[in-house]
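Only one structure is covered here, and it is reproduced in the block below.
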2 protein chains.
Amino acid sequence: MSKKTTIYDIAKALDITAATVSRALNNNPRISADTKKLVLDTAEKLNYKRNGLAAALKSGKSNNVGVILPFINRNFFSTVIRGIEEELIPKGYHIIICQTHEDEKKEMETVQNLLNAQVDGILISLSRQTDNIEHFTQVLKKNVPLIFFDRKMDIRGASSVTLDDYQGAYNATQHLIEQGCTKIAHMTVDPSLLIYKNRYEGYRNALLDNELEVYPEFTVNLKSEIEAGREAARKLMDLENPPDAIFSATDLGALGAIQHLKSINVKIPEDFCVVGFSNEPFTQFMELPISSVDQSPLLMGKTAAKVFLEQMDSKDVKIQKSMVLTPTLMIRQSSTKLKS
Amino acid sequence: MSKKTTIYDIAKALDITAATVSRALNNNPRISADTKKLVLDTAEKLNYKRNGLAAALKSGKSNNVGVILPFINRNFFSTVIRGIEEELIPKGYHIIICQTHEDEKKEMETVQNLLNAQVDGILISLSRQTDNIEHFTQVLKKNVPLIFFDRKMDIRGASSVTLDDYQGAYNATQHLIEQGCTKIAHMTVDPSLLIYKNRYEGYRNALLDNELEVYPEFTVNLKSEIEAGREAARKLMDLENPPDAIFSATDLGALGAIQHLKSINVKIPEDFCVVGFSNEPFTQFMELPISSVDQSPLLMGKTAAKVFLEQMDSKDVKIQKSMVLTPTLMIRQSSTKLKS
DNA sequence: TTATATTGCGCAATCGATTACATTAAGTTA
DNA sequence: TAACTTAATGTAATCGATTGCGCAATATAA
């Protein structure tokens, strides 16, 4: 276990001081080209590796950024992460990923932990439960960039990258209307979360703009689970005047609904259309591929990362950016009544 | 932006030295209970937060562990991560996740980066390409625990947690045989990777143990993609003497095969059985749920984390552990010819 | 009562890199 | 040539926490 070589070792080898070595390694213009080369060569020879911790301690910059999200094992989130990585790793950052499991308390703890670990920034997608903002004001007070993605909260000083959920929902609903559906139901999850509220509004306004009635009993809340989708579809179809289409705010909900509809021999898409939301991979694998709204998770991650980098580059100026990505409707068989 | 409080601030407030404060905070037995209480109270009052970087620099322990894997946006891997987190976060560790995208060069870079960041340990699932071991011996030389999961390499000093791929494949094949299939084909990916080699061996030996012939043309290599599965199935069915079952080393391969089989009106499971590997979520969502071998990713992650903790607890003693988890065959409709 | 533990805490070095502030030598200008 | 730049490097403090060693005060033993 050979001791790691430090700048002092290099200094000793060249009979100069550690300060000079440090400057040479950092390509400081006040160091002569000759010395730089000597230092670089010796560093190489001695197999020198910069001790990130020491540098971090002194400079206050850890080169770590924290990413907080509800779950990692969901395609949407893991793809966002991939986007973040693609931007940040090449810049020398490390990504610390933390899951909240939709638990506000855990979210608050995690923020504290990351702050103690001296992260240079925090990218976060809110837990469902969260309504406290104290932990976020703490982040901002410490002048640590805070960027929300997907699930945001409006806080002065925090940036955000979100999807235009309203537009996505509007487009999906409009598409169903264009397919000839007139009694369109909506499955939502937790209307207290902004994203679901926006999806509902998009759905609602598309109906209104097309002079279709908005039946309250056509909007059902459910957990984002497949069984819940089945159950909700059952209830909808048991109505006196059942719907002829469903726009679901989640893909699993849509899938559950389709399963129930098939089980009661409803023909999709001939007699019933379904559109989901998130464009989860399975939607295209199904025997009956499911139409869905794509959230561009890769782009969202990259964008959030870029916003973070901007904020780092100009720590003095206070930047606050709110970016909204445009969703893409992926039209598949589950809603293709008419061939266009 | 108030300056962070340090142990010196606490010391000054109580008119004692920072050394005492440090010891009190670390619950050192040489500090009196009274002093400890005072320090703790004052720390609370001044909103003191330990600077992890400083502690890390001094102690050489960063409380970060690196997790390296090919992709994060695959259910198997993201669930392994969840398992790792569940064990390590409560112990105060942070998890730095890095993706190799199956690129050996990137893997080597990543290992270097993590080492420079002074991680306390590295948990890794090999990239497909990797055959170099230099970067791993470097890790071990620095006395940093190295634990492989799922995709391993045999290196002195490194531990591993893997699945008994052989057994999983054997059971799957045996199950197909018990369903009455006699001409069982096998879709594999990259036979140079140990996991696929073992799956092949399991398949092969199950056939041999049942005195079934092993036809070379029944084993096909493919990428882990759905189209490849379709294509491979086409080739298999075009054989003079086509198979009556497929055991695929990947779920996407199985799905692609099923899609092709359906398209040529082969009845599953009546006339043809299919079993996949990995138990990806979609396998149970399908209209025809696909049998698959579950890899217990959560358990794998937890186990790998525990092995790491063990190694940390006894840094002096050299522990090398190889753990093999038992797979579970999830029998679903795609291979249920006979009701048991 | 003297010798010896034990308890509680301070002193100061240390981890490795960074950087404001000298300092020295060489080059330039008038 | 004196006065002044400029270039290149050195000095030493600093980031915040940890820890071996030592010392004083109190407790225990002989």
Side-chain angles (χ1 to χ4, degrees), chain A residues 1-40 42-43 46-64 92 115-120 142-143, chain B residues 1-40 42-43 46-64 92 115-120 142-143:
Chain A
M1 212 194 348
S2 51
K3 278 272 166 291
K4 293 159 218 158
T5 55
T6 71
I7 52 171
Y8 294 95
D9 299 322
I10 300 179
K12 210 174 293 168
L14 293 175
D15 200 24
I16 54 179
T17 60
T20 306
V21 175
S22 173
R23 292 196 180 95
L25 291 173
N26 289 308
N27 202 25
N28 186 309
R30 304 185 64 78
I31 299 295
S32 71
D34 291 354
T35 310
K36 276 182 193 167
K37 184 163 172 16
L38 269 175
V39 169
L40 253 35
T42 316
L46 299 182
N47 190 30
Y48 167 77
K49 297 287 189 288
R50 183 166 175 276
N51 182 327
L53 290 179
L57 174 58
K58 187 63 180 54
S59 64
K61 198 166 168 284
S62 69
N63 281 311
N64 286 149
L115 245 27
N116 297 165
Q118 322 286 129
V119 291
D120 295 340
K142 295 206 177 185
N143 213 21
Chain B
M1 213 193 348
S2 52
K3 279 269 166 292
K4 292 160 220 158
T5 55
T6 70
I7 53 172
Y8 295 95
D9 299 321
I10 300 178
K12 210 174 294 168
L14 293 174
D15 200 27
I16 53 179
T17 59
T20 306
V21 174
S22 172
R23 292 196 179 95
L25 291 172
N26 289 307
N27 202 26
N28 185 311
R30 303 186 66 78
I31 300 296
S32 73
D34 291 353
T35 310
K36 275 183 193 167
K37 185 163 173 14
L38 270 175
V39 169
L40 254 33
T42 315
L46 299 182
N47 191 30
Y48 166 78
K49 297 288 190 285
R50 184 166 175 275
N51 183 325
L53 290 179
L57 174 59
K58 187 63 176 59
S59 64
K61 199 168 168 282
S62 69
N63 281 309
N64 287 150
L115 245 25
N116 295 166
Q118 321 286 127
V119 291
D120 295 341
K142 294 207 176 185
N143 213 21

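None of the values given here were measured: they were computed from a predicted structure. Order of the sequence lines fixes the chain letters, A, B, ..., with proteins taken first and strands second; residue numbering starts at 1 for each chain.
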Under a 4.5 Å cut-off applied to non-hydrogen side-chain atoms, are L115(B) and K142(B) in contact?
yes

Could you list the donor-acceptor pairs under 3.5 angstrom formed by side chains in residues 6-18 of chain A, with sequence neighbours left out?
unit_1, atom_1, unit_2, atom_2, d
T6(A), OG1, Y8(A), N, 3.0
D9(A), OD2, T6(A), N, 2.7
T17(A), OG1, T20(A), OG1, 3.2

Identify, residue by residue, the members of residues 8-18 of chain B with a heavy atom below 4.0 Å from DNA chain D, and return them in order of residue number, or none.
Y8(B)

Students should find this one: the first and last nucleotides of DNA chain C, 5' to 3', lying under 4.0 Å from a heavy atom of chain B. What are they?
dT7(C) to dG16(C)

Can you find a side chain N or O atom of R23(B) that sits less than 4.0 Å from OP1 or OP2 on dA17(D)?
no

Contact check, residues 51-64 of chain A vs DNA chain D, heavy-atom distance under 4.0 Å, returns L57(A), K58(A)

Enumerate, atom names and distances included, each donor-acceptor pair closer than 3.5 Å involving a side-chain atom of residues 30-38 of chain A, sequence neighbours excluded.
unit_1, atom_1, unit_2, atom_2, d
S32(A), OG, T35(A), N, 3.2
S32(A), OG, T35(A), OG1, 2.7
K36(A), NZ, N27(A), OD1, 3.1
K36(A), NZ, N28(A), O, 3.2
K37(A), NZ, D41(A), OD2, 2.9

Looking for any heavy atom pair under 4.0 Å, which part of the strands does S22(A) touch: base, sugar-phosphate only, or nothing?
base

When the axes are fitted on five pairs at both termini, how much does the helix from dT1(C)-dA30(D) to dA30(C)-dT1(D) curve, in 10° steps?
40°

Would you jot down, in residue-number order, the residues of residues 25-37 of chain B having a non-hydrogen atom under 4.0 Å from DNA chain C?
R30(B), I31(B), S32(B), T35(B)

At what distance, to the nearest 0.5 angstrom, does CG of N47(B) lie from OG1 of T42(B)?
13.0 Å

Looking at S59(B) and A55(B), what are the two nearest heavy atoms and their distance?
OG-O, 2.7 Å

Once side-chain contact (heavy atoms from CB on, under 4.5 Å) is applied, do any residues pair with D120(A), and if so which ones, sequence neighbours excluded?
K61(A), S62(A), N63(A), Y93(A), F308(A), M312(A)

Kindly write out the residues that satisfy side-chain contact (heavy atoms from CB on, under 4.5 Å) with A54(B), not counting sequence neighbours, or none if the list is empty.
L57(A), N51(B)

